[in-house]
Amino acid sequence: MTPAMIEQVRPPVPDEKLDDEIGRLLDAAEAVYADGWYPELEVVRPWSTHNPRISGEFARPNAIRRYLHRELRGLVAAGATVTARAARPARAFTDPDFFAALDEDRFDLRTKKLFLFGPERMALSLDRLSHYTGTPAESFQRHVLFTNYAMHVESFLERFGDAERPDREGVQMPAYHHARADGDGVSLVNIGVGPANAKTVTDHLAVLRPDTMIMIGHCGGLRNRQELGDFVLATAYQRADHVLDEVLGADVPVIPSLRLNGYLMDALDRAGATYRPGVVHTTDNRNWEFNQSATLARMRAARAVAVDMESATIAANGFRYRIPNATLLCVSDKPLHAEPKLAGGARAFYEASKRKHLGIALEAVDRVRLEHPDGLPGTEVRSADEPLLGNGPDGA
């Protein structure tokens, strides 16, 4: 039998009572899920001429509670009515119909909805996040950094000694979380080297709707005047990673968040860092130097300033899933200028760069918190026909 519980928040709601009212609504959604049902939110927006009523089912309300609270609070404050109810029985992972429900191609993005994903997709991704990172999905914060080296983990733990760590050894992509009471802290994920892990973790992380994703890895510098330890701020990407070609053609332009890039550039300037903005070439071939001609021709045509193996993958999935993202890399070798990455000098370079690199990224995150406490504007990453939760009367 369908649970009878239905909760609604209808304006006007006094500002001092708004948090309690949204909390009551989300408590109801969690109770529905605990009873074995997918909860559904319905939002009625009187300011919208074409799409006044939008709704969506979801899973694991507690994992995205802080995000939902912020977004729903803004909607109700703007005059929307929000209703929470039970939608349908939740499918078990072992249900034969569960697999078919994961297919994003069957989830019509042309229809106005609150969530990019169906509840089955959300439930599986939240479970896999825990499997791959060794930490609960609920531990992830609103800002996520990715690295491909353990040295950034060391620097992160030096700065945040109380950070949550993986609950077991040997996880594929260990995550570390510096939590804040409102969920506005920072998570760091060591994705290792290569685009496969970068795609996997961002596929799953996307259901949490983070405010920012920043890659802080290393790269090969491609210009004469770059030196080891210089930074690269990606302004665009040349995608030769291939892991997303079937779902996002390589001809689709992918660029980082302009605002986030601006904050990173300001932080680089304040740190007195030497850096070069430009195109990053991302490849899935760690040994591209062994068959150079085709790759070099593409790099030169794009005027690329750096080569790596992860940045374009994270950026492309950020674009697919409407998450503001950016890339700040550090030059660790110069493959075209007789300065390959060799074991002998690597450790000294890593020790010199890791704290500065992390500090610049965290300073940019602080700017986002200060200037955009409700998240960066979504106009750069959203299609015109999908508001998601989109606050305020300017949403269609």
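- The number of heavy atoms from other shown groups lying within 6.0 Å of CD (E169) does not exceed 12.
- Of the listed residues (D182, D211, D184), just one forms a salt bridge (Lys or Arg N to Asp or Glu O under 4.0 Å) with R70, and that residue is D211.
- Atom CE of M213 sits about 4.5 Å away from atom CD1 of I323, to the nearest 0.5 Å.
- Put simply, the side chain of F156 reaches to within 4.5 Å of the side chain of V186, judged on heavy atoms.
- Between the CE atom of M215 and the CD1 atom of I314 there is a distance of 5.0 Å, given to the nearest 0.5 Å.
- Although no hydrogens or angles enter the test, the distance criterion places no donor-acceptor pair under 3.5 Å between the side chain of D241 and the main chain of T282.
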- Task: Could you give me the CA-CA distance, side-chain angles and deciding distance for T147 and H152, then say whether side-chain hydrogen bond (donor to acceptor under 3.5 Å, both in side chains) is met?
- Result: CA-CA 7 Å; T147 182; H152 287 129; 2.6 Å; yes
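- Note on R142 versus E71: no salt bridge recorded, every NZ/NE/NH1/NH2 to OD/OE distance being 4.0 Å or above.
- Distance alone, capped at 3.5 Å, places no donor-acceptor pair between the S125 side chain and the M122 backbone.
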- Task: List the steps, then state whether salt bridge (Lys or Arg N to Asp or Glu O under 4.0 Å) holds for E120 with R88.
- Result: CA-CA 12 Å; E120 292 88 352; R88 56 189 171 91; 2.9 Å; yes
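- Side-chain contact of H372 with Y263: a donor-acceptor pair under 3.5 Å is present, judged by distance alone.
- A distance of 8.5 Å separates NE2 in H131 from CE in M173, rounded to the nearest 0.5 Å.
- Minimum heavy-atom separation, S139 to S187: O-OG, 4.1 Å.
- In this structure, Q141 contributes its side chain and G185 its backbone to a donor-acceptor pair below 3.5 Å.
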- Message: Set out, in order, the CA-CA distance, both residues' side-chain angles and the distance that settles side-chain hydrogen bond (donor to acceptor under 3.5 Å, both in side chains) for R320 and N317, then state yes or no.
- Response: CA-CA 5 Å; R320 285 178 70 209; N317 249 0; 2.8 Å; yes
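- Around atom CZ of R24, more than 12 heavy atoms belonging to other residues, nucleotides or ligands sit under 6.0 Å away.
- Residue H281 is tested with Q238, R298, R239 for a side-chain hydrogen bond (donor to acceptor under 3.5 Å, both in side chains); the sole match is Q238.
- Between L208 and A137, the closest heavy-atom pair is CD1-O, 3.8 Å.
- Under the 3.5 Å distance criterion, the side-chain polar atoms of S257 are left unmatched by any main-chain donor or acceptor of P324.
- Environment of CZ in R168: crowded, with over 12 heavy atoms of neighbouring residues, nucleotides or ligands closer than 6.0 Å.
- Note that the CG atom of L244 and the CG atom of D203 stand 7.0 Å from one another [nearest 0.5 Å].
- Geometrically, R209 does not engage F58 in a cation-pi contact defined by less than 6.0 Å to the ring centre and at most 45° from the axis.
- Each of V279 and L248 belongs to its own hydrophobic cluster when Ile, Leu, Val, Met, Phe, Trp and Tyr are linked at side-chain heavy-atom distances under 4.5 angstrom.
- Aromatic ring centroids of H177 and F160 lie 6.0 Å or more apart.
- Counting only distance, with no hydrogens or angles, the side chain of E310 and the backbone of G194 share a donor-acceptor pair below 3.5 Å.
- Side chains of T327 and Y237: a donor on one and an acceptor on the other come within 3.5 Å.
- Here the closest non-hydrogen pair linking V189 and F140 is CG2-CE2, 3.8 Å.
- Considering CG of L114 and CD1 of I54, their distance stands at 4.5 Å, rounded to 0.5 Å.
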